[in-house]
2 protein chains.
Amino acid sequence: MDKSAAGHPDNSFDALESRMRGSNQSGLRAHNKRAVLSLIRRNGRLAKAEIARRTGLSPQTASVIMRSLEAEELVLRDQPQRGRVGQPSIPMRLNPDGAFSLGLKIGRRSVDLVLMDFVGRIRGHERLAYPFPQVREVLDFVAEAEPKLRALLPARLAGRIMGLGVALPYELWSWADEIAAPRGAMEEWRDLDVPRVLAGVTDLSVNVANDATAACAAENVFGSGHSADFVYFFVGAFIGGGIVMNGDLVSGRLGNAGAVGSMPVPREEGGSAQLINFASLHLLEKMYGAEGGDVLALWRGDISWESFGPLRDRWLDRAAYGLAHAIAASCSLYDFESAVIDGRFPASVREDLVARTAAALEQINRQGLSPISVRPGSIGIDAREIGSASLPFFAHYLLDHQVFLTDAE
Amino acid sequence: MDKSAAGHPDNSFDALESRMRGSNQSGLRAHNKRAVLSLIRRNGRLAKAEIARRTGLSPQTASVIMRSLEAEELVLRDQPQRGRVGQPSIPMRLNPDGAFSLGLKIGRRSVDLVLMDFVGRIRGHERLAYPFPQVREVLDFVAEAEPKLRALLPARLAGRIMGLGVALPYELWSWADEIAAPRGAMEEWRDLDVPRVLAGVTDLSVNVANDATAACAAENVFGSGHSADFVYFFVGAFIGGGIVMNGDLVSGRLGNAGAVGSMPVPREEGGSAQLINFASLHLLEKMYGAEGGDVLALWRGDISWESFGPLRDRWLDRAAYGLAHAIAASCSLYDFESAVIDGRFPASVREDLVARTAAALEQINRQGLSPISVRPGSIGIDAREIGSASLPFFAHYLLDHQVFLTDAE
DNA sequence: AATAAATAAATCCATCTGAATTATATTTGT
DNA sequence: ACAAATATAATTCAGATGGATTTATTTATT
């Protein structure tokens with residue numbers, strides 16, 4: 001039932017008050033289940049007793065919760081661990097087939113739909129490339145690709161697809177010129193209620209996030225770095241980012257957290273420009289085109305990075321300069337432990353960009369700031385697709401400090 | 001019992017895992033109590049039935065919780081509200097004498113200790129001015145002032161002082177030169193375990209925060225703006241800030257969130273400088289001194305802002321320019337609803353600075369950012385003291401999404 | 001008579017505590 | 001070297017506890 005239909009004399013509960021909700025036993029159990037699942041995900045495999053110790057729950061409660069998760073086939077029991085005094089522990093791990101999700105990445109040059117299993121493996125991938133995204137085309141693609149991916153699973157498992165996560169650039173329509181889309185062609189995105197429409201097409205619950213925020217989610221769940229507080233940059237056609245605070249992905253009041261592409265960066269010649277003009281493949285494209293290069297080949301991906309020659313260095317230095325400033329600004333707002341850089345480029349370029357950014361950061365006055373380390377992302381080019389598919393898992397199974405409350409229903 | 005003494009085979013629970021804790025019924029009740037108290041605080045007075053509706057709890061639960069809060073004397077019943085069909089509702093409000101806290105602000109020119117009641121009124125204030133802070137002097141001041149403030153309360157209420165909140169500039173020692181302290185005189189702060197020492201002096205539980213973060217806390221609890229997502233600036237001798245996301249004060253991994261003074265701001269002539277060089281009273285002091293003004297009179301506060309003449313305008317414009325850039329950078333990281341500016345100056349100056357900052361913000365390219373409004377703070381000069389005193393209330397009574405978990409003990 | 005607030009009693013649900021069970025490693029005795 | 005005794009640890013059962021919900025009742029008002 002919709003809250004607005006409940007007929008309360010005063011249902012103008014604003015954002016501030018909606019947080020101040022109570023909870024009940026079901027909420028408690030749900031929370032504890034999420035805590036257990038998150039813990040297992042991070043550790044790979046854990047025995048009941050170990051879970052009890054780490055969550056602070058009593059062994060009995062841990063036992064009950066684990067048996068219920070086992071009954072739901074979300075976890076599997078592993079080989080008993082012998083070699084130490086006492087009854088051998090039975091480690092439990094996530095069941096890869098326990099739950100599935102779909103991830104949809106709507107990009108400026110292509111749309112991707114992936115099927116992901118409970119341990120983060122991509123089980124299937126469909127893609128459509130285009131010069132610019134059109135609503136009709138994207139919806140048709142989803143309608144066609146979704147059954148194909150669903151068919152990869154036996155009927156018994158297909159029902160376990162928990163939801164559809166969508167990674168969408170913020171205000172997709174507002175950079176129409178930059179990608180040479182016909183004027184007005186992308187306006188239809190502006191008024192589209194993406195979650196509602198996609199829920200209609202797929203009959204799944206839909207979670208939407210900024211595309212770079214989705215990539216950040218992937219780094220947070222599946223990344224190897226294991227930092228609980230980091231700022232994340234994904235260099236794509238444009239550049240976006242995301243933030244993780246205290247282990248939680250922060251998506252923002254309007255879902256526009258980590259809009260780092262718009263961050264003002266000082267220009268050496270005075271004044272400032274947005275980060276997007278320092279670190280983006282769109283910029284590289286422009287620089288390449290200005291030198292007479294074949295821009296289309298760039299998007300097809302049949303240009304090797306080595307062939308850029310000195311342009312590679314110039315772009316990397318400019319990007320590193322911009323990123324370093326954005327990192328310094330980010331740390332001034334929140335004392336992140338690390339800054340993570342990933343993007344649509346080979347690992348070698350990523351490492352190079354990280355090194356140059358770290359060097360550029362040394363040049364910036366950071367008095368009053370806590371130290372920060374610059375790290376490469378561990379997911380790579382597919383981070384946005386993977387991240388989008390992870391969103392339904394957050395919504396259903398993973399711990400996030402916003403979700404303790406009982407549902408409004 | 002200390003966790004490290006528990007003798008677990010693996011007690012290296014890192015920051016990420018410490019979040020993944022379970023909870024139990026006591027945690028549930030504690031959470032619901034906090035939700036109820038936070039709701040009453042924000043609304044002034046609420047009847048049990050209204051609380052049930054807004055928290056989502058059953059009327060029975062709301063009733064039980066309210067009676068228990070009443071028994072603890074944390075809330076009082078107000079006049080029954082007649083005039084509508086049905087049994088008149090009995091609004092409940094916070095009992096000003098329900099709980100008290102002490103707030104200690106350690107500044108570069110003075111130290112202040114205040115006694116605050118449960119509705120945020122300052123019941124007593126002690127102060128010591130100095131040229132620069134020394135550990136011994138500050139501790140002696142606290143030891144002397146604390147009993148004085150305690151004596152303001154009847155014995156029955158003095159036991160209700162819940163804790164001591166401390167507002168402390170980040171790395172107090174690291175700007176020794178700027179305030180003309182003898183070299184090395186402030187080094188002793190570096191290794192001081194502030195919470196432990198103050199807990200020893202006062203026999204209270206101690207919560208420490210960055211001074212501007214404390215001011216931000218005051219704006220969040222007692223401010224009239226009622227925004228759930230804002231970035232906050234406090235212009236003092238230096239400049240600091242704080243952030244509130246989804247209604248929660250974010251204090252940062254190391255308590256250094258909102259270190260906006262260190263934010264890089266582009267200079268018109270090229271390159272960048274930290275915000276502290278654009279918007280701080282320290283800068284005003286330097287500018288004033290360079291024109292032959294009496295700097296000491298400035299700190300004593302017997303110079304009126306009107307007497308600065310054109311300097312006032314120059315400083316305000318420079319500060320507004322810097323603040324606008326800091327705001328743009330902040331919004332690029334998180335889509336705040338508003339930016340709040342307060343500081344150690346009269347309300348008229350504050351309004352002027354807000355207006356100029358809003359104007360300066362118009363000059364910055366904000367493509368890709370959600371709109372933000374610039375607002376004056378509603379607390380004023382004492383925000384840091386008030387904020388520090390509010391910290392114990394957060395720790396004990398107010399809702400904060402991090403505290404759902406059972407204590408580790 | 002209708003409406004709404006407040007609450008008492010009974011019930012439900014999730015966790016906790018304490019005791020019991022099981023399975024292993026280690027020690028001790030022969 | 002073998003076997004019994006002991007210590008350790010994981011797991012689970014049963015009962016108690018705490019807290020929220022449901023249902024029904026009382027009270028006060030228009």
Side-chain angles (χ1 to χ4, degrees), chain A residues 6-10 21-36 45-71 75 77-92 404-407 409, chain B residues 6-10 21-36 45-71 75 77-92 404-407 409:
Chain A
H8 295 153
D10 175 15
R21 314 241 341 143
S23 192
N24 54 21
Q25 281 100 330
S26 340
L28 186 56
R29 166 59 69 96
H31 167 72
N32 288 341
K33 264 188 170 175
R34 281 171 186 262
V36 167
R45 58 196 72 240
L46 284 176
K48 296 185 179 71
E50 190 61 22
I51 284 168
R53 279 193 293 269
R54 300 210 189 185
T55 56
L57 298 169
S58 69
Q60 178 58 226
T61 302
S63 178
V64 169
I65 288 177
M66 286 303 288
R67 272 178 289 171
S68 111
L69 290 174
E70 206 181 347
V75 299
R77 49 182 64 220
D78 225 334
Q79 289 309 309
Q81 288 290 307
R82 287 151 216 280
R84 283 188 310 173
V85 178
Q87 173 162 335
S89 64
I90 301 175
M92 312 283 285
F404 290 78
L405 325 169
T406 14
D407 264 352
E409 261 316 293
Chain B
H8 295 153
D10 174 16
R21 315 246 333 150
S23 192
N24 53 22
Q25 280 103 327
S26 339
L28 186 56
R29 168 56 70 96
H31 168 75
N32 288 341
K33 265 188 170 176
R34 282 171 184 262
V36 167
R45 57 197 72 239
L46 283 176
K48 296 186 179 73
E50 191 60 22
I51 284 169
R53 280 192 293 269
R54 300 211 189 184
T55 56
L57 297 169
S58 69
Q60 180 59 224
T61 302
S63 179
V64 169
I65 287 176
M66 286 304 289
R67 271 177 289 170
S68 113
L69 290 174
E70 207 181 347
V75 299
R77 49 181 63 217
D78 225 333
Q79 289 308 308
Q81 287 289 308
R82 287 154 215 278
R84 282 189 311 175
V85 181
Q87 175 161 335
S89 65
I90 301 175
M92 312 282 287
F404 210 129
L405 326 169
T406 13
D407 264 353
E409 261 314 294

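Letters A, B, ... are given to chains in the order of the sequence lines, protein chains preceding strands, and every chain is numbered from 1. This is a predicted model, so every value here is computed, not measured.
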message: Please confirm whether the shortest side-chain N or O distance from B/N24 to OP1 or OP2 of C/dA14 is below 4.0 Å.
response: no

message: Counting only side-chain nitrogens and oxygens, does A/R53 get under 4.0 Å of the OP1 or OP2 atom of D/dA10?
response: yes

query: Would one find a side-chain N or O of A/R29 under 4.0 angstrom from OP1 or OP2 of C/dT15?
result: yes

field: Nearest to side-chain heavy atoms of A/T61, which nucleotide of D/dT21, D/dT11, C/dT15
entry: C/dT15

task: Counting heavy atoms from C-beta on, name the nucleotide in C/dT22, D/dT30, C/dA6 closest to the side chain of B/A47.
output: C/dA6

field: Partner residues of B/R77 under the salt bridge (Lys or Arg N to Asp or Glu O under 4.0 Å) criterion, sequence neighbours left out
entry: B/E70

task: Write down the distance between CD1 (A/I65) and C1' (C/dT15), rounded to a whole number of angstrom.
output: 9 Å

- prompt: Checking all strands, does A/S58 fall into the base, sugar-phosphate, or nothing category for heavy-atom contacts under 4.0 angstrom?
  reply: base

query: Is there a donor N/O on one and an acceptor N/O on the other, under 3.5 Å, for the side chain of B/Q25 and the base of D/dA20?
result: no

task: With the side chain of B/R84 defined as its heavy atoms from C-beta on, choose the nearest nucleotide among C/dT3, D/dT21, C/dA5.
output: C/dA5

message: Can you identify which nucleotide, out of C/dA6, C/dT17, D/dT22, has its nearest atom closest to the A/Q60 side chain?
response: C/dT17

task: Select one nucleotide: of D/dA28, C/dT7, C/dA6, the one nearest the side-chain heavy atoms of B/P59.
output: C/dT7

